[in-house]
Number of protein chains: 2
Amino acid sequence: MLRLTKKADYGLMALKYIAEHPEATALSAKDIAEAYHIPAQLLAKILQRLAKVGIVKSHAGMNGGYSLLKDPRKISAFEVIFAIDGPLFITSCFTHEGNCDLTNSCTIKEPLARVNETISSVLKNIHISDLVEEGRSRTVRELITIRATSGEKILQAT
Amino acid sequence: MLRLTKKADYGLMALKYIAEHPEATALSAKDIAEAYHIPAQLLAKILQRLAKVGIVKSHAGMNGGYSLLKDPRKISAFEVIFAIDGPLFITSCFTHEGNCDLTNSCTIKEPLARVNETISSVLKNIHISDLVEEGRSRTVRELITIRATSGEKILQAT
DNA sequence: CAAGTATACGACCGCTGGAGTCCGAATTCA
DNA sequence: TGAATTCGGACTCCAGCGGTCGTATACTTG
Ligand code: SF4
Ligand code: SF4
């Protein structure tokens, strides 16, 4: 259930790695791949996707590589995942709007859409700068505070 | 990204349907399947899974079917999804503990685990009774209130 | 300019796992 | 007993993920 693709995983790792090495003007895909023992070619493709949406900048030629284009604090996990895996969400109706032929008879669609929204906002509030900080300062208390109240208490018609 | 399986989807729909019809002692899988236009056989298997974990009770024989075993308010979306799709989570390392061979070199694992935790708690706070209410009282303000603060502000070493 | 090194990009492929089907056995009601 | 129904596993089908390859292209250095 609810799996995050490995590509997105790699993408986040790579971004974190780049953010941790601001001294380098550009980091080649191969370097990053070797640092984490992940297939270089695959990482390259991922970074290309990220370059396309303007998260990262690519420098061709020797001593080339990738460098951050945006402030690490401004890059949310959401947009990274979105750029890599596309607009795929839990409901599978919702985004493709109506591929699931049950869209009208389904009564569960709307509540799930709200759950969807919730998860999205969680991811949107996580930035790769947070991941970097995570590595430096040990034992973090809480990265996210979430308070999801039980619903039925808030549930009231307007 | 982050897809919820259709089986889990169906499971939630079925449970909601059963919860909406407390007058019936038992509802056959076929009836529910026809109501939502989903394959009956598949739904049957889903309900069997739910019966196994004690969420629902199966009655064999004619006029048989399934009935809720627990209070709708006590059945969380989390346990339903868990029962159907198994312990599959976003990280894919985390639960299978160490199938991803990068577990040690990966620096992103822990933050993601926390995200995982967050999403889980969201699902745990949603019960099928909420879904039923959703259908009756129109225009619900908010089923879930979430406040995910930006992390870095809370981020402090102990 | 030419060589060498890097990314760019699309085609390609094996395989896992989700979606769905089938069928025989067990169970219960009439 | 017989009809109706669930039970449960085995099975097929196929989209999509993870990963590879090859070629085109762009840049740097000498
Ligand atoms: S069954 Fe309902 S919630 Fe699920 S994909 Fe179809 S319309 Fe959306
Ligand atoms: S790359 Fe890291 S976060 Fe992703 S599955 Fe492997 S250990 Fe877990």
Side-chain angles (χ1 to χ4, degrees), chain A residues 1-11 13-14 18 24-34 36-53 56-67 69 81 84-88 90 92-93 96 99-102, chain B residues 1-11 13-14 18 24-34 36-53 56-67 81 84-90 92-93 96 99-102:
Chain A
M1 79 188 245
L2 225 45
R3 205 164 77 255
L4 184 66
T5 62
K6 237 170 193 175
K7 292 184 187 178
D9 205 343
Y10 292 162
M13 288 170 64
I18 297 176
T25 55
L27 291 165
S28 87
K30 204 170 71 176
D31 290 343
I32 304 175
E34 283 175 356
Y36 289 113
H37 311 106
I38 60 183
Q41 307 246 26
L42 181 57
L43 218 199
K45 248 174 42 170
I46 295 171
L47 287 171
Q48 285 163 27
R49 299 278 276 274
L50 294 178
K52 237 179 187 173
V53 296
V56 102
K57 173 92 181 137
S58 70
H59 302 274
M62 56 180 296
N63 287 344
Y66 299 88
S67 60
L69 196 56
I81 297 172
I84 295 174
D85 282 342
L88 228 303
I90 60 167
S92 84
C93 47
H96 291 70
N99 66 339
C100 175
D101 45 350
L102 314 171
Chain B
M1 80 187 242
L2 225 43
R3 206 164 77 255
L4 181 67
T5 62
K6 240 170 190 173
K7 292 184 187 178
D9 206 343
Y10 293 161
M13 288 170 65
I18 298 176
T25 55
L27 291 165
S28 88
K30 204 169 70 176
D31 290 342
I32 304 175
E34 284 174 356
Y36 288 113
H37 310 106
I38 60 182
Q41 307 248 25
L42 182 55
L43 217 199
K45 247 175 42 172
I46 295 170
L47 287 171
Q48 287 163 29
R49 299 279 275 275
L50 294 177
K52 236 179 187 173
V53 295
V56 104
K57 172 90 180 139
S58 69
H59 302 274
M62 57 181 296
N63 286 344
Y66 299 88
S67 60
I81 297 172
I84 296 174
D85 282 342
L88 227 304
F89 274 81
I90 60 168
S92 83
C93 47
H96 292 71
N99 65 340
C100 174
D101 45 348
L102 315 171

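Each chain gets a letter, A, B and so on, in the order the sequences are listed, and its residues count up from 1.
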What does the list of N/O pairs under 3.5 Å between the protein and nucleotides 19-22 of chain D look like, with a distance for each?
from   : atom 1 : to    : atom 2 : distance (Å)
D:dG19 : OP2    : A:Y10 : OH     : 3.3
D:dT20 : O4     : A:K45 : NZ     : 3.3

I need the CZ-P distance between A:R3 and D:dC17, as an integer number of Å. 9 Å

When all nucleic acid strands are considered with a 4.0 Å heavy-atom cut-off, which category describes B:A51: base, sugar-phosphate, or nothing? nothing

Could you walk me through whether B:K7 and B:Y10 pass side chain to side chain contact (heavy atoms under 4.5 Å, CB included), step by step? CA-CA 5 Å; B:K7 292 184 187 178; B:Y10 293 161; 5.5 Å; no

Run the side-chain hydrogen bond (donor to acceptor under 3.5 Å, both in side chains) test against B:S58 and tell me which residues pass, sequence neighbours left out. none

D:dT6, OP1 or OP2 - any side-chain N/O from B:S28 closer than 4.0 Å? yes

Separation of B:S28 OG from B:H59 NE2 (nearest 0.5 Å): 12.5 Å

For a 4.5 angstrom cut-off between non-hydrogen side-chain atoms, does A:L69 reach A:V56? no

Between CG of A:D31 and P of C:dT5 the distance, given in whole Å, is 14 Å

Rounded to the nearest 0.5 Å, what separation is found between the OG1 atom of A:T5 and the CG atom of A:D85? 3.0 Å

Using the 3.5 Å cut-off, write out each protein N or O paired with an N or O of nucleotides 25-30 of chain C and the distance between them.
none

Starting from C1' on C:dG4, measure out to NZ on A:K30 and report it in whole angstrom. 12 Å

Heavy atoms of B:A14 and B:L47 approach each other most closely as CB-CD2, 4.2 Å

Within this structure, what is the CZ-to-C1' distance between B:R49 and D:dC7, rounded to whole angstrom? 13 Å

Whole-Å distance between D:dT5 P and B:Y66 OH? 13 Å

With B:N63, which residues qualify under side-chain hydrogen bond (donor to acceptor under 3.5 Å, both in side chains), at least two apart? none

Would you name the heavy atoms of B:L50 and B:V53 that are closest together and state the gap between them? O-CG2, 3.3 Å

In Å, rounded to the nearest 0.5 Å, how long is the span from CD1 of B:I18 to CG of B:L27? 6.0 Å

With each end axis built from five pairs of C1' atoms, what bend angle do you get for the helix from C:dC1-D:dG30 to C:dA30-D:dT1? Round to 10°. 20°

What is the distance, rounded to the nearest whole Å, between atom CG of B:L47 and atom P of D:dG9? 16 Å

For B:L43 and C:dT21, what is the distance between atoms CG and P respectively, to the nearest whole Å? 12 Å

Using every non-hydrogen atom in the two residues, find where B:A33 and B:A40 come nearest and quote the distance to one decimal. CB-CA, 3.5 Å

Against the side chain of A:T5, the closest entry in C:dT7, D:dG9, D:dC17 is D:dC17

Applying side chain to side chain contact (heavy atoms under 4.5 Å, CB included), name anything that partners A:Q48, two or more places apart in sequence or on another chain. A:A44, A:K45, A:Y66

Euclidean distance, atom CG of residue A:L4 to atom P of D:dG18 [Å, nearest integer]: 9 Å

